[in-house]
Amino acid sequence: MSSRVHVVFVHGLFSGADTWSHFQDLLGRDPDSAFVRTHTMQYFTPKVRLRPDRRIPDFADLAAQLATRLKAEDLREAGSIVLVAHSQGGLVVQKFLASATIRGQARDLVRIRQIVLYACPTLGSPFFAKTRRLAFGARHPQERQLRLLDGEVFEAHQLVLRNVVNADAVTDYTCPIPVTAVVGGEDNIVPRIEATGWFPTTETVAADHFSILKPADHSAMEYQILKSALLAAADPERPGPVLGTGADAVEQQAIQFSVEPPAGLGRLRGRDALVSALMAPGRGRVHVLSGMSGIGKTHIASEVAARRKEEGWNVWWVSVPQLAPRMREVAHLLGLPRGEIDEAWRGERSQTDLVWRGLEHHDRPWLLVFDGATDPQQLGRVASDTGRYDGTGWVRDVTSAKGSVIVTARGGHNDVWGPWCRIHRVEPLSEYDGADVLLDIAGPDCGGVEQARQLSRALGGLPLALRAAASRVRSVSTGAVFLSEPGLSDFAGYLAEWRTREQAGNGDPAAESGQEVLGLSIVRESLLLSARGLTTAATRLLHLFACLSDTAVPYRLLARPEMLTETPLFAGVPIEQIRLAIGQLAEAHLIRKHERGADDPDLSEFLSLHPMVHNVFREDDQVQAHRVDYGRAMLDVLAAATENRTADDPDNWAVWAALFPHARDAVLSTVTSPATSGERFLVVSALNLARTTARYLLASGLLEPAGTLLDALIDGCAGYRFAPTDTKILALRHERARLSIELGRYDRAEAELTEVIAGQIAGHGPDHANTWASRHQLAKALLEQQRWIEAEAMLREILPAARRINGWRHRDTVTVWHTWARALLHVEGASQAETMCREILAACDQLWTPSYPETLYAWQTLGRSLLYQQKPDLAEWELRRGLSRVADTASPGALGIRHFLGMAVLQQGLVSEARDELSTLLADEERVLGPQHRLTDKTRRLIAEITDRLRGGG
């Protein structure tokens with residue numbers, strides 16, 4: 001060997017330069033290594049920071065330190081360098097390479113001839129992940145970046161693959177260097193998948209994480225791998241990287257790029273129809289598999305490729321990120337003249353024309369797969385006027401009967417790809433096909449079909465997530481990877497952990513490491529990568545949707561561009577970007593649009609997020625860093641969407657039904673997230689929205705969700721720094737008292753309202769509208785307890801105050817007037833109540849629609865007043881007249897009318913007819929109001945009495 005080689009050893013976490021002593025000793029005693037000079041890079045990696053004046057460097061600091069080390073005097077003139085790293089040191093090396101290439105300093109890497117990484121956690125280390133965080137602290141910068149698929153580390157790995165490992169030539173931004181990843185076959189700290197990453201050259205040795213650094217002698221494979229790299233670096237006959245400049249750097253290095261299809265992806269489930277369509281004969285031989293990241297496009301294409309190879313076809317698999325060198329290999333395999341290939345790759349003729357000439361004249365059936373396209377522009381020219389791929393690039397219409405093309409792409413439709421392409425939208429797997437994937441990988445010992453189906457449903461049938469989850473369950477159950485979460489050893493335990501972390505969400509510390517613990521970090525990074533290239537508006541809108549509930553989003557209500565531009569989140573974002581954002585997200589398969597038949601145009605279109613998309617982007621760092629802005633945007637758009645849509649009005653209930661899950665989640669996340677619960681202006685907005693939401697739930701009969709929401713906010717108010725006597729909390733307690741009245745808990749309502757009124761008098765004064773409103777509810781609670789005289793006296797005082805504050809024909813005044821009529825029914829007689837109810841109904845017709853709850857309640861009172869006067873036939877006529885005006889006879893108010901209608905029929909002696917009416921009513925009451933509601937119970941008891949009467953009569 002005539003070339004001297006300098007080895008630079010880089011140690012790992014919590015260790016030092018002496019970890020390389022075995023290698024250095026063997027090199028010093030090896031006569032074949034006289035040309036080698038050894039060096040080390042020592043850096044600061046303590047377990048804890050003891051001195052407040054000294055910080056622990058992160059990987060960016062260490063990468064910069066490595067760059068400086070290579071410029072030191074003992075290495076300044078070194079012409080051939082081999083970098084050798086262990087564990088965390090390999091991440092430092094990758095960060096160094098990535099930083100140099102993205103800064104345009106890749107030419108400085110030319111003297112690095114080989115890189116060997118021993119047990120490097122390229123995709124993170126799951127070993128004792130939770131224990132490491134507890135022991136060394138969540139803020140330890142080096143430990144934090146060892147977590148599974150840390151975003152910064154993952155990005156560095158991708159850059160190294162693109163700009164170093166798979167680079168074609170030396171430019172300002174690329175430099176080809178061979179990298180060998182060495183795996184310890186007994187290493188439980190950095191298992192094989194995490195150690196190999198996506199490096200094409202890997203070696204496995206019989207060692208664990210530490211013995212891999214202690215080769216016994218010169219024959220040990222650990223040493224032989226390093227020696228081979230040193231010999232290659234010193235070989236003067238081995239060509240170095242080709243120097244190039246920009247677009248002229250087209251010559252290939254000596255590394256050959258394989259175009260063989262991937263193998264070993266496992267059994268393909270649930271795609272039989274799609275595979276058949278891809279293999280069907282006839283025209284339309286260019287197929288585009290379009291779908292979100294992780295949906296299984298590559299797996300589908302590889303299945304077709306495998307079947308075509310079995311049939312004797314020539315199959316070429318081209319990874320789009322390495323398009324040019326792999327297509328050069330295709331040109332070579334087509335038998336095209338070497339001189340023409342060289343001319344094309346030097347830019348002297350068209351590469352695409354040359355290859356397609358060879359394809360169209362190829363004498364055997366062939367399949368060409370382009371895997372991993374983000375958009376058509378990667379494969380050829382897109383016309384600026386139409387935005388459509390023009391078909392002159394690498395993908396063209398196949399005229400030969402022998403050929404076929406498959407493209408896997410994250411986005412695509414005919415308007416982009418062209419009419420000669422067949423677009424196949426790849427959907428998530430069904431629950432049962434997803435269950436099969438889980439069972440295929442994890443095995444039957446990890447749970448039954450039903451448990452697997454439930455987990456498949458929770459993960460949204462996303463193949464990448466299913467495979468990752470199954471691998472994690474299998475690893476834990478077999479002890480292949482040690483975790484401190486043994487509950488993940490079967491599907492049921494995994495699902496429970498998933499739901500716990502999903503419900504935490506929105507900045508809750510319990511969700512911080514959820515993706516890592518569940519083994520879903522690769523899904524997270526895949527989805528985050530798929531969102532790169534989005535406009536600012538699309539990115540922020542996607543994050544905003546992810547902050548909402550995981551139910552369908554009525555985006556015409558919640559994504560109005562004019563409204564969004566008024567929020568700090570979208571300040572400065574061009575409104576045209578916002579208008580185009582929905583389409584961009586749909587094209588990238590990050591959202592799914594749905595059309596629904598609805599009279600209201602605002603409810604005609606909805607969008608949904610895949611569960612994994614929702615989970616990943618809700619917990620994204622961008623959201624967590626700007627929680628206040630996202631919280632404010634959520635509340636602002638919800639407030640705007642519900643403005644002028646009175647919660648008590650049935651005509652607005654369709655809108656409220658669509659918005660309720662989002663309003664509930666926005667409110668609860670605001671008051672529970674540490675980042676927003678201390679922002680008083682946000683919490684006040686949340687509580688205002690909570691009250692109107694509760695009013696909708698109460699008016700529409702959704703009592704259980706109303707109680708859940710109100711209890712959570714009232715009982716937990718101290719957590720967001722509000723006292724039970726704060727006016728905003730008193731408003732919620734007022735609504736909870738209304739709920740108690742609806743549930744027949746009158747004594748509880750009375751007690752709560754007594755406290756609320758005292759607080760309102762202290763906060764607002766005795767003559768404030770809120771004080772009178774709570775006194776009105778207190779009167780209703782007394783009325784339901786048959787304390788007629790107390791209630792009537794209170795209402796006689798409240799009504800003049802309501803008329804003074806609001807006027808005679810105000811809705812609040814009419815509501816109090818009606819309650820007074822109910823009291824008079826028992827105090828001064830049914831005749832006076834009947835007269836008053838007819839006046840009230842006339843006022844209701846001026847204020848509300850016939851289906852408005854208060855109107856329906858007034859019809860009920862009119863019917864009762866007639867029944868009390870022993871006028872059942874007139875009562876039946878009036879109640880049926882009121883019911884005929886109602887669009888939905890199963891609304892809470894209409895159910896009340898139907899209850900008294902049954903009593904009117906019964907009072908006329910039509911016992912069987914009354915039982916039939918009431919039996920139909922009971923089924924609707926149990927469905928709408930619930931089996932425990934007071935009105936449901938009254939109807940049930942009345943039916944029992946009628947049944948006993950009929951039996952006695954028989």
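All heavy atoms count here, side chains included; hydrogens, waters and symmetry mates do not.
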Between S302 and W317, does the side chain to side chain contact (heavy atoms under 4.5 Å, CB included) criterion hold? Intermediate values first, please.
CA-CA 9 Å; S302 71; W317 187 281; 4.1 Å; yes
Under 3.5 Å, is there a donor-acceptor pair between the side chain of [X] and the main chain of [Y]?
{"X": "H287", "Y": "H424", "result": "no"}
{"X": "R467", "Y": "L265", "result": "yes"}
{"X": "S549", "Y": "H662", "result": "no"}
{"X": "T408", "Y": "K297", "result": "no"}
{"X": "D490", "Y": "G493", "result": "yes"}
{"X": "Q454", "Y": "Q451", "result": "no"}
{"X": "D665", "Y": "L548", "result": "no"}

[Y] and [X], any side-chain heavy atoms less than 4.5 Å apart:
{"X": "S530", "Y": "L590", "answer": "yes"}
{"X": "W366", "Y": "V405", "answer": "yes"}
{"X": "M279", "Y": "E311", "answer": "yes"}
{"X": "P428", "Y": "I295", "answer": "yes"}
{"X": "S290", "Y": "R410", "answer": "no"}
{"X": "S477", "Y": "D445", "answer": "no"}
{"X": "Y555", "Y": "I591", "answer": "no"}
{"X": "E260", "Y": "K309", "answer": "yes"}

Atom pair [atom1]/[atom2] of [X] and [Y] - distance to nearest 0.5 Å:
{"X": "Q624", "Y": "S673", "atom1": "CD", "atom2": "OG", "answer": "7.0 Å"}
{"X": "R592", "Y": "M292", "atom1": "CZ", "atom2": "CE", "answer": "11.5 Å"}
{"X": "L929", "Y": "D924", "atom1": "CG", "atom2": "CG", "answer": "9.5 Å"}
{"X": "S669", "Y": "Y630", "atom1": "OG", "atom2": "OH", "answer": "13.5 Å"}
{"X": "S404", "Y": "L368", "atom1": "OG", "atom2": "CG", "answer": "9.0 Å"}

Using a strict threshold of under 4.0 Å (side-chain N to carboxylate O), is an ion pair present between [Y] and [X]?
{"X": "E427", "Y": "R271", "result": "no"}
{"X": "R269", "Y": "D436", "result": "yes"}
{"X": "R307", "Y": "E303", "result": "yes"}

So for atom [atom1], which belongs to [X], do other residues, nucleotides or ligands contribute more than 12 heavy atoms lying within a distance under 6.0 Å?
{"X": "E450", "atom1": "CD", "value": "yes"}
{"X": "R457", "atom1": "CZ", "value": "no"}
{"X": "Q932", "atom1": "CD", "value": "no"}

For side chain to side chain contact (heavy atoms under 4.5 Å, CB included), just list the numbers for I300 and L278, CA-CA rounded to whole Å, side-chain angles, deciding distance to a tenth of an Å, and then say yes or no.
CA-CA 9 Å; I300 296 167; L278 294 170; 3.7 Å; yes
Run the numbers on D371 and S319 for side chain to side chain donor-acceptor pair (under 3.5 Å), then give the verdict.
CA-CA 5 Å; D371 183 42; S319 177; 5.5 Å; no
Taking the six-membered ring for Trp, is the centroid-to-centroid distance between H543 and F617 below 6.0 Å?
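H543 vs F617: aromatic centres under 6.0 Å.
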Just checking F545 against H614, ring centres under 6.0 Å apart?
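Ring centroids of F545 and H614 are no less than 6.0 Å from each other.
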Given the ring of Y494, does R472 sit roughly above its face, with NZ or CZ under 6.0 Å from the centre of the six-membered ring and within 45° of the axis?
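Ring-cation test returns no.
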Begin from the C-alpha positions of S604 and E595 and carry the test side chain to side chain donor-acceptor pair (under 3.5 Å) through to its verdict.
CA-CA 6 Å; S604 62; E595 291 188 3; over 6 Å; no
With sequence neighbours excluded, tell me which residues meet side chain to side chain contact (heavy atoms under 4.5 Å, CB included) with A538.
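Once residues adjacent in sequence are excluded, the partners of A538 under the side chain to side chain contact (heavy atoms under 4.5 Å, CB included) criterion are L534, T535, A581, Q584, L585.
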As a quick check of understanding, evaluate side chain to side chain contact (heavy atoms under 4.5 Å, CB included) for L702 and W656, giving each step before the final call.
CA-CA 12 Å; L702 299 173; W656 272 103; over 6 Å; no
List the atom of L527, the atom of S293, and the distance in Å for their closest heavy-atom pair.
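So the minimum-distance heavy-atom pair works out to CD2-O, 3.8 Å.
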